[in-house]
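These values consider heavy atoms only, across backbone and side chains, with no hydrogens, waters or symmetry-generated copies.
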Amino acid sequence: MVLPHSSYSPDLVSSDFFCFNSSFNNNEKVKINVQNCLKQRNKEFFAVGINKLVE
């Protein structure tokens, strides 16, 4: 079930937009895009983000 939503989502921060630079017409394309996006990031990318959470 796909629920209607506004074009702006307060749940997305600017750092999330690098994974969503296209529009998608089904969930499978979203999953593939996010997986590919995350696979391109190295360990340091995630370590820096986690460390910022505890600062």
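- Both Phe45 and Leu38 are members of a single hydrophobic cluster when ILVMFWY side chains are connected at heavy-atom separations under 4.5 Å.
- Legend: residues meeting side-chain contact (heavy atoms from CB on, under 4.5 Å) with Asn25, ordered by chain and number and at least two apart, are Lys29.
- Within the model, atoms NZ of Lys31 and CG of Asn26 stand 9.5 Å from one another, a figure rounded to the nearest 0.5 Å.
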